[in-house]
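Take a look at the structure below.
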Number of protein chains: 2
Amino acid sequence: MMEQIRKAITIHDVAAAAGVSVSTVSRVLNDKDDVAAETYERVQQVIAELGYASSLAARGMRSRRTNVIGLIMPDVAAPYSVAVLQGINRAIAQSDYDLIVYTNGDVRKNASAAQESYFVSLLNGSITDGVIVVTPVATNFSTAAPIVAIDPNNESPDCPAIISTNRDGALQAMNYLIGLGHRRIGFINGRSELVSASRRLRGYRDGLAAAGIPFNENLIEIGDYTTETARICTHRLLQLDDPPTAIFAANDQTAMGVYQAAQERKVLIPEELSVVGFDNLRESVFLNPALTTVDQFISEMGSIAVEMIVKLINGKTLETDLHKIQTQLVIRDSCKSFV
Amino acid sequence: MMEQIRKAITIHDVAAAAGVSVSTVSRVLNDKDDVAAETYERVQQVIAELGYASSLAARGMRSRRTNVIGLIMPDVAAPYSVAVLQGINRAIAQSDYDLIVYTNGDVRKNASAAQESYFVSLLNGSITDGVIVVTPVATNFSTAAPIVAIDPNNESPDCPAIISTNRDGALQAMNYLIGLGHRRIGFINGRSELVSASRRLRGYRDGLAAAGIPFNENLIEIGDYTTETARICTHRLLQLDDPPTAIFAANDQTAMGVYQAAQERKVLIPEELSVVGFDNLRESVFLNPALTTVDQFISEMGSIAVEMIVKLINGKTLETDLHKIQTQLVIRDSCKSFV
DNA sequence: AAGGATACCGGTAACGTTACCGGTAATGGT
DNA sequence: ACCATTACCGGTAACGTTACCGGTATCCTT
């Protein structure tokens, strides 16, 4: 077994086996009409018999068209990434394109801009017709093929991008909590260098200000969007002399950390502590109690990105370079009014 | 803005800008030692300035080595796939290789063998040095580069593969339930054409047989590993004249469907119905009550696959072509003894 | 000082494919 | 019967890169 070191078959092998020239095989492969029906059949049969598939590399190099869209994301297995992937996958299925996801598996938090542009050029102009990048630090890429950024870390990116209304979503969450009577509201933020985190903090502060509640430094924790860090932050908040009656978590994974810490301290959610998250991940429904959270339609961002990149690939112009997605509070069972 | 239709830069541009030949630039790129320190520096600087990245396609075509590993999976966003991805990602990060995930976004359940081999040849021999395929139907690929299959749908695949002990895991689950006193145990299977499903059914039947419990056709439902179908199957089981006191779900997503149906019928888990799953997905901890399930170490399968493919790429031989992973029952809160 | 070794670099060919051009045979029109 | 058109197909060059060979200038050795 496993003696299949039979050298990979090329278009030349197919041509030889079918008794035609490589040009003709190429024409068959690309469904050009300048080939006799009989010849077409014969070549197709040989292709099937030999199990031939054309080299994506060679094809892309010569014809400048691969029908493949690239996707670059820092960590493919993170819940956020998975949600994006779902949307992209759905859109790809309905398109004529295939998808290649590229990652170096590096889950170090701070991918450098240089590395990102490296990845982009690596794919673009060789094996992909266009690239979608997720939460990039860089937004200026030197490449011929089009690029679309999802949630870029740049207030004014110079490539087409999709962003969600982070401040507005946070504001909705705050208004909801304040409407329930909460006045001591803790906030556990994401990594502060991320634009999304600073925009959500903005919403938190604006929400307080609009209600005339003074900003209290002690109620702010700087997390990193991970559950474990959020657990620690929550413990710090809950052991304050005057602990918060509600916590606004900057994303759902952070909210999970809040749940964990609350359970460890025998603090009941929502009776003794209200919690609001951000993202509306699939998992948030399964939490007990089900998490109230801000939906930022992550999957939609993915599918819209595909639509945009396809337009760009086909030389069309976009209606808008900056596609904003409206966030929306989803009320479940993790909050209770505070009297 | 967005006038970056500056034609992609090639090694020739770099060579011209640095005042050297393309050969020298190539040597710098590949860290060959036949280049003066001063020249090396200058070329590196030009590369950085121009933001040049070599074309993966051209490189792979010429040098037969790309340092990229391919991964082919039917649905990247499915929970199972995500778990595999996690393991693969972890292992990739510690290796010298990058990862490309290929999908056509087709979530149709039955990908054809032809399509699979097409994908494999597409990647292999052009842009990847080796490919990992997840739950392939085909296991005989005509390609020069190595292949490793995860959970192949073939009892005796003729390529190196990683499989988990499905029957044994199911047996553990059954012994546990029977040990708790259950005798009417329902089983919701996955798609019957999958090897994993038939092996788990085998374990279910063997478990019954060992305990002297007669097999009852009515307690078997054929699902498709999805939550929605499982919901429907569960309703059928629970409205039987003599409904099961426990349900063994063929995977965790199926178990979630059982939870949903139970909730709709006001059937309490575990008081009135015990549930065991299979997979031990991340989500299973968040379920309420936490799901007792068979861990099949999906992530480990991914990282082991990377180890295997790297060995094969480097011409080493594997200790074993068929790597079996031991499954293990994880007991949580979804089962109770039946008196 | 002459010969040989070494350091460094450029030119050429090839990887597998498609775009383009051109050529042959068959067909149609008069 | 002759020219024009058409249908079909083959040859050649090029995509961007690296392997390989070979060439020049410098250095070392005796």
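Computed from a predicted model, the values in this text were never measured in an experiment. Residue numbers begin at 1 in each chain, while the letters A, B, ... track the order of the sequences.
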message = For B:Ser196 and B:Tyr225: C-alpha separation, side-chain torsions, deciding distance, then whether side-chain hydrogen bond (donor to acceptor under 3.5 Å, both in side chains) applies.
response = CA-CA 11 Å; B:Ser196 64; B:Tyr225 282 151; 2.9 Å; yes
ask   = Can any side-chain N or O of A:Asp321 pair as donor or acceptor with the backbone N or O of A:Pro160 at less than 3.5 Å?
value =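 Not at all, since once roles are kept as given, no pair shorter than 3.5 Å links the two residues.
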Listed partners of A:Arg62 passing side chain to side chain contact (heavy atoms under 4.5 Å, CB included), at least two apart =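 Applying side chain to side chain contact (heavy atoms under 4.5 Å, CB included) to A:Arg62 gives none.
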Test applied, side-chain contact (heavy atoms from CB on, under 4.5 Å); reference residue, B:Leu71; option that passes from B:Ile132, B:Val131, B:Ile92, B:Val306 =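 Output: one option passes, namely B:Ile132.
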task = Report the residue from A:Ile147, A:Ile150, A:Ile162 that forms a side-chain contact (heavy atoms from CB on, under 4.5 Å) with A:Met308.
result =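 Only one of A:Ile147, A:Ile150, A:Ile162 forms a side-chain contact (heavy atoms from CB on, under 4.5 Å) with A:Met308, namely A:Ile162.
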query = Bend across the helix from C:dA1-D:dT30 to C:dT30-D:dA1, to 10°, with axes taken over 5 pairs at each end?
reply =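 For the helix from C:dA1-D:dT30 to C:dT30-D:dA1, the axes at opposite ends meet at about 40°.
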Would you say that [X] contacts [Y] through its side chain, given a criterion of any heavy-atom pair below 4.5 Å between the two side chains?
{"X": "A:Asn30", "Y": "A:Ser26", "answer": "yes"}
{"X": "A:Ile72", "Y": "A:Thr103", "answer": "no"}
{"X": "A:Val28", "Y": "A:Val14", "answer": "no"}

Pick out the pairs of N or O atoms, protein on one side and nucleotides 17-24 of chain C on the other, that lie under 3.5 Å.
from: C:dT17; atom 1: OP1; to: A:Tyr52; atom 2: OH; distance (Å): 2.5
from: C:dT17; atom 1: OP1; to: A:Ser55; atom 2: N; distance (Å): 3.2
from: C:dT17; atom 1: OP2; to: A:Ile11; atom 2: N; distance (Å): 2.4
from: C:dT18; atom 1: OP1; to: A:Asn30; atom 2: ND2; distance (Å): 3.1
from: C:dT18; atom 1: OP2; to: A:Ser26; atom 2: OG; distance (Å): 2.9
from: C:dT18; atom 1: O5'; to: A:Ser26; atom 2: OG; distance (Å): 3.4
from: C:dT18; atom 1: O2; to: A:Arg62; atom 2: NH1; distance (Å): 2.7
from: C:dA19; atom 1: OP2; to: A:Lys32; atom 2: NZ; distance (Å): 2.9

request  = Quickly work out the B:Met61 CE to D:dC15 P distance and round it to whole Å.
outcome  =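 Rounded to whole Å, this separation is 12 Å.
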